[in-house]
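To keep things clear, I will list the structure first and then write my remarks on it.
Numbers restart at 1 for each chain; the letters A, B, ... are given by sequence-line order, proteins then strands. Below, all heavy atoms of this structure are taken into account, side chains as well, without hydrogens, waters or symmetry copies. Computed from a predicted model, the values in this text were never measured in an experiment.
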Amino acid sequence: MLDPRLYREDIDRIRQGLERRGAKVDLDTMVNLDIEKRKINVRLDQLKSERNAATEKIAQMKRSGQDAQEHIEKTRALGDEIKVQQDKFNDLEGRFQAMALLVPNLPQASVPDGRTSADNVVRRESGRKYEGPKPKHHLDFSRELGLHDFERGAKIAGSGFPIYVGLGARLERALINFFLDEHITHNGFTEIQPPVLVNQAAMIGTGQLPKFAEDMYTIGDDGLYLVPTAEVPLTNMHSNEVLDAASLPIAYAAYTTCFRREAGSWGKETRGFQRLHQFDKVEMVQFTEPSKSEEAHQKLVGYAEGLLQKLDLHYRVLELCTGDMGFGAAKCYDLEVFAPAEERWLEVSSVSNFEDFQARRANIRTKLEGKTQFVHTLNGSGLATPRVLVALLERNQTAEGGFRIPEVLQPYMGGLKEIPPKKK
RNA sequence: GGAGAUGUGGCAGAGUGGUCUAUUGCGUCUGAUUCGAAAUCAGAAGUCCGCGAAAGCGGUCCGGGGGUUCGACUCCCUCCAUCUCCGCCA
């Protein structure tokens with residue numbers, strides 16, 4: 001959520017920011033609602049002030065044993081009027097809030113202008129390029145080695161719910177553990193294991209709701225949602241809190257399963273692991289002082305990159321353009337790995353600085369120099385496993401048809417160096 | 001899941017319809033005293049919203065929401081959380 005003061009003090013800043021994003025918001029209506037609302041508020045406060053005086057008068061009379069009936073009759077009308085004005089105010093306030101929750105964040109000045117992913121800027125490309133014969137597609141390769149079972153997953157849940165089998169399951173677990181261990185032993189994160197069901201307030205807090213309701217799985221009877229990312233529970237852990245400034249920055253890392261309906265986003269480029277309803281991800285979340293978020297953002301990107309380097313993958317870092325950034329982001333970097341069979345770059349991480357956008361929604365503050373103010377929140381995948389797996393499967397095929405396990409994962413695979421080809 | 005109880009400021013803990021501007025204690029901050037500290041004494045302090053150039057003024061907040069009333073911390077409804085007992089269960 002944007003600072004509500006901006007709507008009356010610097011509407012041009014909002015207008016320009018949204019324009020750069022290509023976002024359409026009926027700002028005129030919002031400005032008018034705000035003006036109307038404040039007008040009613042002034043009237044309401046006056047009325048309440050009068051009522052306070054009147055009831056005090058009645059109290060005094062009662063105390064001294066006088067008959068206050070006449071005053072009570074008169075004050076009744078005041079109460080009725082307050083009710084009318086209060087309803088009006090609540091209606092205006094509700095309408096303004098409902099609209100405010102749908103306004104995306106304003107991009108930082110440094111964000112490149114653009115409309116689509118084609119306008120994103122490649123900041124750097126790194127890692128060893130794949131060289132050798134064109135490898136097998138990861139789905140065919142996985143099937144040969146018996147690592148995953150999409151068909152049976154579809155049978156019990158639907159398409160987009162793969163089953164990890166045998167060494168495929170162990171490889172998944174290895175990736176998760178490797179990611180987490182890196183964060184908690186080298187990058188200074190506290191490991192968290194949060195609930196994967198959250199309430200509506202949490203989903204609003206990080207910005208998934210109300211705009212993206214159709215992307216979420218719901219548990220209707222209980223009013224709960226399956227988390228689309230650990231960002232939701234981790235960030236909302238501190239909702240409605242004033243964080244001790246000395247405790248900042250707070251850095252959490254968590255592995256959770258992530259659930260996404262991915263409504264309407266299926267197509268030929270989403271085969272196999274590239275788009276799933278259920279997948280595994282390790283997420284990094286940070287809370288910082290406002291002045292420190294930019295620095296923290298760069299570091300988060302570095303942590304995610306470090307994992308790709310250790311896995312010996314070929315990757316690049318994109319600076320997202322204004323039109324391609326997520327709803328709540330003020331600035332965002334994507335990390336993509338190259339899949340040599342598909343000959344495509346695949347997004348494995350998105351690292352965003354939300355500034356105070358989420359902190360306002362979730363009401364997360366700190367006290368700095370005597371002033372209570374909103375913190376900045378950031379998060380980034382570190383990493384999501386499925387597309388990392390795609391790149392690994394396509395890159396690490398041996399001449400004999402086996403899978404070469406990256407060195408850093410070998411300790412997590414019981415020392416195994418290779419998943420051998422299945423015997424005929 | 002059933003029965004009962006509780007929810008008040010940073011913490012503890014009073015308050016059962018109007019002297020609540022929320023008693024009191026602890027803690028915090030600022031002074032005084034001291035070489036400095038402790039102790040003691042005096043004083044101060046919260047949130048959010050609005051109006052205002054400012055000083056300041058008004059409103060709001062006792063778990064959340066709603067209701068009754070001229071007036072609600074107090075009465076009613078509802079939701080949430082915690083505790084105790086019972087039941088069930090990895």
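- When the P atom is used for both C77(B) and A3(B), the distance is 15 Å, rounded to whole Å.
- With RNA chain B read from its 5' end, the first of the two nearest nucleotides for N52(A) and T372(A) is the one closest to T372(A).
- With P as the reference atom, U60(B) and G66(B) are 15 Å apart, rounded to whole Å.
- In a base pair of the Watson-Crick type (N1 to N3 plus N6-O4 or O6-N4) or a G-U wobble (N1-O2 and O6-N3), with each distance short of 3.5 Å, C61(B) is matched with G46(B).
- Here the separation of C83(B) from U78(B), taken at their P atoms, is 23 Å to the nearest Å.
- Shown here, A53(B) forms no base pair; nothing in the strands shown gives a Watson-Crick or G-U wobble contact with both key distances under 3.5 Å.
- Nucleotides C62(B) and U8(B) place their P atoms 12 Å apart, quoted to the nearest Å.
- The R365(A) side chain lies nearest to C48(B) when the options are C70(B), C48(B), G50(B).
- In this structure, CG in L300(A) is found 5.0 Å from CZ in F189(A), a value given to the nearest 0.5 Å.
- With a cut-off of 3.5 Å on both Watson-Crick or G-U wobble distances, the partner of C88(B) is given as none.
- In a base pair of the Watson-Crick type (N1 to N3 plus N6-O4 or O6-N4) or a G-U wobble (N1-O2 and O6-N3), with each distance short of 3.5 Å, A72(B) is matched with no nucleotide.
- Between the CG atom of D80(A) and the P atom of U68(B) there is a distance of 10 Å, given to the nearest Å.
- Among G18(B), G50(B), G71(B), the nucleotide with an atom closest to any side-chain atom of R38(A) is G50(B).
- Separation of the C1' atoms belonging to U33(B) and C41(B) is 9 Å when rounded to the nearest angstrom.
- Spacing between atom CD of Q46(A) and atom C1' of C49(B) amounts to 15 Å, rounded to whole angstrom units.
- The pairing partner recorded for G31(B) is C41(B), the criterion being a Watson-Crick or G-U wobble arrangement whose two distances lie under 3.5 angstrom.
- The distance from atom CD1 of I72(A) to atom P of G71(B) is 10 Å, rounded to the nearest whole Å.
- Among the atoms of the strands shown, base atoms are found under 4.0 Å from some heavy atom of T55(A).
- Going from atom CG of D222(A) over to atom P of A81(B) covers 11 Å, rounded to whole Å.
- Rounded to a whole angstrom, the distance from the C1' atom of G63(B) to that of U6(B) is 11 Å.
- The cationic atom of K37(A) (NZ for Lys, CZ for Arg) lies less than 6.0 Å from the six-membered ring centre of F96(A) and within 45° of the ring axis.
- Following rounding to the nearest Å, E56(A) (CD) and A72(B) (P) show an atom-to-atom distance of 13 Å.
- Evaluation of atom-type donor-acceptor distances gives no pair under 3.5 Å for the side chain of N41(A) against the base of G50(B).
- The nearest heavy atom of RNA chain B to F89(A) and to G79(A) marks one nucleotide each, and the one closer to the 5' end goes with F89(A).
- Listed candidates were G18(B), G58(B), U60(B). Nearest to the side chain of I58(A) is G18(B).
- Rounded to a whole angstrom, the distance from the C1' atom of C76(B) to that of G17(B) is 13 Å.
- Atom CG of L47(A) and atom C1' of U60(B) are 15 Å apart (whole Å).
- Note: CD (E9(A)) to P (A53(B)) measures 13 Å, nearest angstrom.
- Rounding to whole angstrom units, NZ of residue K48(A) and P of A72(B) are separated by 11 Å.
- Among G18(B), G58(B), U47(B), the nucleotide with an atom closest to any side-chain atom of S49(A) is G58(B).
- Residue K62(A) is in base contact, counting any heavy-atom pair closer than 4.0 Å across all strands shown.
- Backbone-only contact: K83(A) has heavy atoms under 4.0 Å from sugar-phosphate atoms and none from a base.
- Paired with K331(A) under the rule salt bridge (charged side-chain N to carboxylate O under 4.0 Å, His left out), one option of E319(A), E355(A), E294(A) passes, and it is E319(A).
- If you take CD1 on I405(A) and CG on L311(A), they are separated by 12.5 Å, rounding to the nearest 0.5 Å.
- Under the 4.5 Å side-chain criterion, counting only non-hydrogen atoms from C-beta, D119(A) is not in contact with D113(A).
- Separating the C1' atom of G27(B) from that of G9(B) is a span of 12 Å, rounded to the nearest Å.
- The distance from the CG atom of L18(A) to the CG atom of N105(A) is 9.5 Å, given to the nearest 0.5 Å.
- The nucleotide whose nearest atom lies closest to any side-chain atom of R76(A) is, among G18(B), C70(B), G59(B), C70(B).
- Looking at the side chain of V42(A), the nearest of the listed nucleotides U60(B), C70(B), C51(B) is C51(B).
- Taking the centre of each ring, F273(A) and F279(A) stay at or above the 6.0 Å mark.
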